[in-house]
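Heads up: the structure comes next, in structure tokens.
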There are 2 protein chains.
Amino acid sequence: MRRPPVNREKVTIAVVAKQAGVSKGLVSFALNDRPGVAAETRARILQVATELGWKPSLRARSLSTQRSFALGFVIARNPDVLASDPFFTSFIAGVESILTDQGRTLVLSVVPDEAREVKTYRSLVADGRVDGVFLSDLRHNDPRIPLLSELGLPAVTLGRPDGDSPFPAVSVDDSPGITASVAHLVTLGHRRIAHVAGNSALLHGSRRREAFAAALRDAGLPEGQTVETDFSMADGSDATRRLLTQDRPPTAIVFANDPMAIAGLGVAHELGIRVPEDLSITGYDDIDFSRYVYPPLTTVSAAPMVWGRAAATTLLALMENGTADDVDLPAARLVIRGSTAPPLNPW
Amino acid sequence: MRRPPVNREKVTIAVVAKQAGVSKGLVSFALNDRPGVAAETRARILQVATELGWKPSLRARSLSTQRSFALGFVIARNPDVLASDPFFTSFIAGVESILTDQGRTLVLSVVPDEAREVKTYRSLVADGRVDGVFLSDLRHNDPRIPLLSELGLPAVTLGRPDGDSPFPAVSVDDSPGITASVAHLVTLGHRRIAHVAGNSALLHGSRRREAFAAALRDAGLPEGQTVETDFSMADGSDATRRLLTQDRPPTAIVFANDPMAIAGLGVAHELGIRVPEDLSITGYDDIDFSRYVYPPLTTVSAAPMVWGRAAATTLLALMENGTADDVDLPAARLVIRGSTAPPLNPW
DNA sequence: CTGAAAGCGCTTACAG
DNA sequence: CTGAAAGCGCTTACAG
């Protein structure tokens with residue numbers, strides 16, 4: 001039961017042109033909405049094109065326009081940290097929801113270190129794989145910014161870089177969430193509040209740390225103990241253990257992300273320290289796990305899907321118009337759940 | 001301090017050919033290791049190419065060879081379930097570790113439902129975006145298999161499908177891990193063991209469920225209570241609550257994945273049921289969280305990175321040779337941690 | 001407003 | 001073993 005051998009000919013722009021009685025160039029103009037095609041001619045061409053079921057070849061367009069109609073996302077993280085951080089998955093889901101309708105695709109690269117990262121950007125450009133990229137996990141004086149700028153690859157940064165940047169930034173301010181967390185703890189009566197910070201080489205790591213320090217100052221409290229980590233659960237666990245096994249442990253800990261807060265919760269349980277009675281804990285990101293651990297985590301909710309959409313929209317606009325404004329997304333907000341309460345021994 | 005205006009000319013195959021004193025065709029042959037080029041000529045051509053820093057244009061190759069040098073991965077999952085499942089991220093990291101050195105990239109699509117899924121595969125093919133795809137989350141009589149087969153797109157399935165399939169399968173048997181979990185619980189003295197199963201529309205969901213039932217039978221135990229879920233933490237939480245608030249609750253629960261087990265752990269804590277004293281819990285996947293919750297989770301470890309590598313290797317081999325053998329990866333193994341213990345009230 | 005032609009940068013029969 | 005030419009399927013100045 002094979003199909004009848006009707007029109008085995010592949011339908012290209014040439015057959016559309018012939019069928020419509022015009023030149024290939026005109027078909028191209030009509031397709032791309034370029035001026036200089038009589039409305040009537042245009043309509044006829046498009047009509048013929050749909051009848052024939054013609055879809056312009058992406059590959060041919062790519063070659064002649066020197067574009068790939070794809071966007072890139074290079075993630076340089078140790079796979080463990082990456083896997084336990086649902087942020088990226090949600091962010092990507094947001095990006096995809098925009099790209100799909102634009103006929104664009106996402107090229108994803110996961111690389112183990114910075115050397116690979118540079119190589120990846122270079123070959124993405126050399127091969128013309130992408131027309132623009134998302135820059136996440138911004139670092140201090142991020143070397144990727146001059147790199148991409150030199151390579152001429154449009155980009156959008158997730159958050160505002162600390163140095164000069166020719167690229168639009170789509171940001172969610174890190175401070176308000178941390179500030180609100182500290183304020184919440186202070187209101188509950190906590191005075192000895194510690195911070196399990198993220199990697200300070202990363203902008204959001206150090207910004208959360210600074211916001212923490214500033215919030216304590218504003219509350220008139222002495223400097224809080226701060227332990228730096230690489231954002232991993234392993235480090236978060238170690239840091240918590242160190243904090244809790246000292247002579248005068250903190251009554252509350254502000255964690256720089258949820259996975260570490262959850263690891264910290266585990267350590268507290270293990271040490272027989274009750275949360276929230278003996279110890280209050282706050283996280284950051286509001287990942288799904290936070291709601292389901294016990295006690296459910298008080299944390300900061302940043303809406304990564306929305307972020308992904310905004311970043312994609314901005315990057316597309318940048319590529320379309322050559323310029324795009326910075327976008328400031330609503331600040332992340334504190335979600336109060338069961339892991340925070342007044343301290344039993346307020347001093 | 002601008003560069004001297006040496007050779008602003010873009011180096012293409014034509015300039016390499018001219019420089020080497022041969023035709024473009026010959027350069028192409030030399031580059032692609034095709035027979036019919038004198039060894040000496042070949043060497044000279046390659047020499048000139050490196051001197052000039054020539055890199056063949058991927059776009060041009062794509063157009064003439066009708067290939068994209070990219071692989072695709074379409075994930076159809078509700079974003080919540082996806083985000084809390086580190087499996088994919090690790091799997092992808094494994095895939096990338098293979099692709100990078102092959103000059104291939106990964107095109108990732110995250111789609112919300114099956115309708116979008118089909119559209120995505122079709123447009124990936126129509127646009128020639130990918131040369132092959134990974135098929136995960138296999139379903140019963142998976143419609144994607146005939147679809148891809150009809151579209152002529154090479155694929156590798158993660159796990160063995162239940163129907164006919166023209167594609168190689170790269171599998172990790174689901175049964176041994178579940179069997180080992182049940183055996184472990186039975187050895188500890190448990191008799192009332194329940195199962196929080198995954199989505200039975202998914203092959204791994206129903207296979208784990210069947211393995212669970214079979215393991216109970218083998219142990220000479222009566223049928224265990226089984227609650228079906230969609231693999232989400234929300235469902236896992238509900239299911240656990242239902243199981244634990246009955247008259248004669250189980251003394252152990254085997255969860256179909258780790259996020260649900262962790263949600264179940266939270267519910268037990270909340271209900272004042274001690275784990276592992278009053279209730280033993282096992283998970284599946286050994287995600288990073290499992291090690292850091294309290295008590296740490298007894299679970300089944302499946303090495304998703306390794307799986308990703310094997311799947312990528314197999315898909316590349318399939319595309320290279322037109323055929324590739326099935327691969328059976330080592331069975332996932334049980335990792336015993338603190339969430340399982342003998343029941344306090346063995347009956 | 002429209003056509004014919006060259007160009008994007010490779011690969012691949014086809015001759016020799 | 002090698003060369004010249006056509007082809008992949010579009011886009012884009014350039015003429016008219």
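Lettering of chains follows the sequences in order, A, B, ..., and the numbering in each one begins at 1.
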Original post:
Does B:Arg42 make a side-chain N or O approach to OP1 or OP2 of D:dC1 shorter than 4.0 Å?
Top reply: no
Subject >> Over-ring placement of A:Arg104 relative to A:Phe69, 6.0 Å and 45° cut-offs >> reply: no
Original post:
Does A:Gln66 put a side-chain nitrogen or oxygen below 4.0 Å from OP1 or OP2 of C:dG7?
Top reply: no
**OP:** Please work out if B:Arg34 contacts a base, only the sugar-phosphate, or nothing of the nucleic acid, heavy-atom cut-off 4.0 Å.
**Re:** sugar-phosphate
Original post:
Which residue lies toward the 5' end of DNA chain D, B:Leu63 or A:Leu26, if each is placed at its nearest nucleotide?
Top reply: B:Leu63
Original post:
So, is B:Arg61 near the phosphate of C:dG9, with a side-chain N or O under 4.0 Å from OP1 or OP2?
Top reply: no
Subject >> 4.5 Å side-chain heavy-atom contact, B:Arg139 and B:Leu203 >> reply: no
Subject >> Under-4.0 Å side-chain N/O to phosphate OP1/OP2 contact, B:Lys10 with C:dG9 >> reply: yes
Original post:
Which is true for B:Val27 with a 4.0 Å heavy-atom rule: it touches a base, it touches only sugar-phosphate, or it touches nothing?
Top reply: nothing
**OP:** List for me each residue that meets ring pair (Phe, Tyr, Trp, His ring centres under 6.0 Å) alongside A:Phe88, sequence neighbours excluded, and say none if there are none.
**Re:** A:Phe73
Original post:
Can you tell me if the side-chain N/O atoms of B:Thr41 get under 4.0 Å from OP1 or OP2 in D:dT2?
Top reply: yes
**OP:** May I ask you to decide if B:Gly94's main-chain N or O and B:Trp307's side chain share a donor-acceptor pair within less than 3.5 Å?
**Re:** no
**OP:** Round to the nearest Å and state the distance from A:Arg59 atom CZ to D:dG7 atom C1'.
**Re:** 15 Å
Subject >> Beyond-backbone contact of A:Lys24 with A:Val16, side-chain heavy atoms, under 4.5 angstrom >> reply: no
Original post:
So, is B:Ser28 close to the C:dT11 phosphate, meaning a side-chain N or O under 4.0 Å from OP1 or OP2?
Top reply: yes
Original post:
How does DNA chain D look in dot-bracket form if you count Watson-Crick and G-U pairs under 3.5 Å, write [ ] for pairs that cross, and put | where a base pairs with another strand?
Top reply: |||.||||||||.|||
**OP:** Select base, sugar-phosphate, or nothing to describe what A:Thr12 touches, counting heavy atoms under 4.0 Å on all strands.
**Re:** sugar-phosphate
Original post:
When we call it a touch if two heavy atoms are under 4.0 Å apart, what does A:Thr65 touch: a base, just sugar-phosphate, or nothing?
Top reply: sugar-phosphate
